[in-house]
Participant: 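Please see the structure below; I have some questions.
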Amino acid sequence: MSIHTHTHIYKLASKLHVQSGYTVIFFKYLICKNTIYTFIVPFLISMLILCQPHLLLVSVEIFLQALEDGLKRADADPSVKAVMICGENGKFSAGADIKGFSSPKRRGIALGPIVSLIERSEKPVVAAIEGVALGGGLEVALGCHYRIAHVKARMGLPEVTIGLLPGAEGTQRLPRLVGVPAALDMITTGKVLCLVIPPKGVKICSLPDVDALFCNSIFLPPGQPLGPRRLSLKPVPKLPNMEAFLSEALVKVKKQAHGCLAPELCFQAVKAATEQPFADGVRREQELFNVLLTSGQAQALQYAFFAERAVQKWTTPSGASWKSASPQPIHKAAVIGLGTMGRGIVTSLVKAKIPVVALEQDLEYLNMGRKAVMFLLEREAMKMEQGAQTLDFHNPARLQFTVDFDVLRDVDLVIEAVFENMALKKEIFHKLSRICKPGAFLCTNTSALNINEIASATSRPQQVIGTHFFSPAHVMKLLEIIYGHHTSPTTIATAMQLAKVLKKVGVVVGNCFGFAGNRMMFPYAQQAVFLLEEGSRPEAVDQVIEDFGFRIGPFRMSDLAGLDVGWRSRKGQGLTGPSLPPGTPARQRHGHRYSPLPDLLCENGRFGQKTGKGWYQYEKAGGRTAKPDPWLHSFLSQYRDTHRIKTRFIDQEEILERCLFSLINEGFDILAEGIASGPEHLDVIYINGYGWPKHRGGPMFYASTVGLSRILAKLQKYSEAHPDVPGLQPSAFLKKLVAMGNPPLKEWMSYLSRPNNKL
Ligand SMILES: CCC/C=C/C(=O)SCCNC(=O)CCNC(=O)[C@H](O)C(C)(C)COP(=O)([O-])OP(=O)([O-])OC[C@H]1O[C@@H](n2cnc3c(N)ncnc32)[C@H](O)[C@@H]1OP(=O)([O-])[O-]
């Protein structure tokens, strides 16, 4: 809180009035509430003018101490009639400084008592909320006697998303204000609500009617007792079936938490509000807050918060960076190929209100693609307030379907999303570089192919970039952005800006087979299959990975994505299929261990969910409920017999370590090669694209919590047992970090002499 002298405060008040001011803010609000418009505006102006010397404005932005001092001064000063708490620069408050939670000095949380102090004030305290009121900021508002909100105010208690709970008495006051169901929803999910005009069809909790609060605060008759306005004195509104409601809510919270502690502890705190008097509830809230603060999960989630922001500040080994590169505006885009990925990408662009041309090779594919895109868009529109009109996707100026490449002449950016076939992609890029206007950017949606080779087919390799979307592309948040040898900084900046506009997290990485995400996935998936050869079952491996917190284990994932995808890629690489040289040992390729199990499943027509059979069996083709399959179990036994593999019991620890440590090991190689410019990049990729549990901070953060020496020792042990598996041989960079005494994650990159992108 900034310490405002009275003079400064009064200056602030007049600035507020003269410039944009609360008159204007209320005016905006009143436009949609015109029934009270004429009455209030003149009143408000007069209040600001007449009461200026008596109106104390306190910023909640900076220091708690200032807020405390200000409140005490206001209470003691007989000339002050009311206190208004507002934020600076159009924002009420984004809450506490998250960095402070990991500082030992910050362990004693002082906000709760200040919120109580606000509430106890003998003079009416009004929170004037503009912009965001989040976390501690909203808790301050809950301590006030009145809350008035700007039309665009956004409020929420996002503590749960950083592994905490609203620990400044918010879990006790909010249920008293909005009732238990709405409070639980807000506190256990951390959702941020736009209060004044809630989007239709979106379930939001209704904070008390802003209208009524507004009128009350303005027409508050002098001397009216403040008791009824103090939330801590109110009972929690009763529900006829509170017990049943709470036990149902707990089941839901646990199911969605996937091992994350904070939502359940948030639930416990709110439950305490329903069972105990306010003061006891506050004590329970504090206990639970301290459990979370010291749980390790909070640290991981807070790391993830900053990592997501750090990756926006991209750099490349050649010195290009976000600081010096400016994105170009994208007024119109095109998508080539309307398969699964193309459909999602078109939907994403339409949702972001970028006019799109969608192109297919012939009318049959175009019509199929059009139907699928329209279906997705209708569904998206249903989720939005006035969605169909807003998206306007029936308007050909917004979304045009064509088979004619010439229509792409005026687009600013093209995203090619055809099959993973280099020859086809090169042919398309060659065509694009002839047809598209000179400034147009050419993006390829590929999960592994060489960007340089694709760019070589064009006359403008500086404008070619990889944009690796994740399926479903209109849902998944990650966009892996891959620069080639010649990609210009402007092209990278434009792709990053596109990610932002599409509400995705863009992560810039270098060019290598599989880029960062899939390259780390290969050894993980390989270990999972090796474990089956050695005696495990798909359901056992999946269980361990899901217990760790992944949404879905490797075999369920493979069934969902389709085993044929990897099969096609392995055939392309000559690892299986007709191009495999005769006499190649069944379980070896290029002198390394290889498992033909996934190929054999495909040869048996088991492509996963789409065929109703894969690593599991499903109720029908396209079914989603995976059931262990006795056929697969006996197939595995026969396979082991055929190849004389001695089976053994493999415990959970080995399953977890072999899958995860090999993935992490690859991450260290990627860092050493300069493919990713920091561990945060790999963590953001894994959290947003591969279902890595956020409360474990991403693979590299997790490695830092396990301890690099332990990871190294385990990799050494497993690579001794499996010397023919390169993925288990410890990375030189990991060894170096251990030799340097296991430095903290943020120092890792300083131990690399000079990052160097190999390609
Ligand atoms: C006992 C309980 C007491 C209270 C507990 C709490 O309040 S818990 C807290 C509950 N509150 C939350 O969880 C709110 C978390 N914050 C948000 O949700 C969003 O940042 C936003 C909606 C406020 C603004 O979104 P936007 O897209 O406009 O902007 P942006 O997201 O890019 O951020 C801009 C810069 O600000 C930085 N920064 C932001 N907030 C914080 C913070 N609290 N702390 C520190 N830093 C923060 C951010 O790192 C970035 O820094 P950079 O990279 O430029 O150096």
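We count ligands from 1, going down the list as the structure has it; atoms in each ligand are counted the same way.
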Participant: Can a donor-acceptor pair be found between the side chains of E169 and S116 at a distance below 3.5 Å?
Facilitator: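 Yes, side-chain donor-acceptor contact under 3.5 Å.
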Participant: Report yes if G137 has an N/O atom closer than 3.5 Å to an N/O atom of ligand 1; otherwise report no.
Facilitator: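 Not met; the criterion fails.
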Participant: Give the atom numbers and elements of ligand 1 that come within less than 4.0 Å of a heavy atom of I162.
Facilitator: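 In order of number, 8 (S).
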Participant: If you measure from OG on S232 to CZ on R120, what distance do you get to the nearest 0.5 Å?
Facilitator: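 Rounded to the nearest 0.5 Å, the OG-CZ separation comes out at 9.0 Å.
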Participant: Applying the side-chain contact (heavy atoms from CB on, under 4.5 Å) test to P166, which of L111, V160, T171, L174 qualifies?
Facilitator: T171
Participant: Among E139, K500, K313, E159, which residue places a heavy atom closest to atom 53 (O) of ligand 1?
Facilitator: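 Of the listed residues, K313 has the closest heavy atom.
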Participant: Provide the closest heavy-atom pair for T161 versus G190 in the form atom of the first, atom of the second, distance.
Facilitator: CG2-CA, 4.5 Å
Participant: Quick one, L671 with H681, criterion side-chain contact (heavy atoms from CB on, under 4.5 Å). Give me CA distance, side-chain angles, the key distance, then yes/no.
Facilitator: CA-CA 10 Å; L671 292 178; H681 290 61; over 6 Å; no
Participant: For I98 and ligand 1, does the shortest N/O to N/O distance drop below 3.5 Å?
Facilitator: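 Yes: some nitrogen or oxygen of I98 is under 3.5 Å from one in ligand 1.
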Participant: Start with the C-alpha distance between R173 and V115, add both sets of side-chain angles, then the distance that settles side-chain contact (heavy atoms from CB on, under 4.5 Å), and finish with yes or no.
Facilitator: CA-CA 10 Å; R173 278 198 182 82; V115 176; 3.3 Å; yes
Participant: Taking only heavy atoms of G135 into account, list the atoms of ligand 1 that are under 4.0 Å away from them.
Facilitator: 7 (O), 10 (C)
Participant: With respect to A168, determine whether any N or O atom, backbone or side chain, lies less than 3.5 Å from an N or O atom of ligand 1.
Facilitator: no
Participant: Check whether any N or O atom of R309, backbone or side chain, sits under 3.5 Å from an N or O atom of ligand 1, and answer yes or no.
Facilitator: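 So ligand 1 has an N or O lying under 3.5 Å from an N or O of R309.
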Participant: What atoms of ligand 1 come within less than 4.0 Å of a heavy atom belonging to G95?
Facilitator: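 So the answer, numbered in order with elements, is 7 (O).
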Participant: Could you check which of G156, A133, A96 puts a non-hydrogen atom nearest to atom 9 (C) of ligand 1?
Facilitator: A96
Participant: Just going by heavy-atom distances, which of V115, V140, L164, L134 is nearest to atom 22 (C) of ligand 1?
Facilitator: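 It is L134 that holds the nearest heavy atom.
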Participant: Report the C-alpha separation of M520 and Y690 in whole Å, then their side-chain angles, then the decisive distance to 0.1 Å, and conclude whether the side-chain contact (heavy atoms from CB on, under 4.5 Å) test is met.
Facilitator: CA-CA 11 Å; M520 289 166 77; Y690 293 85; over 6 Å; no
Participant: Of all the heavy-atom pairs spanning Q172 and G281, show the shortest one and how long it is.
Facilitator: OE1-CA, 3.2 Å
Participant: Does any N or O of ligand 1 fall below 3.5 Å from an N or O anywhere on A94, backbone included?
Facilitator: yes
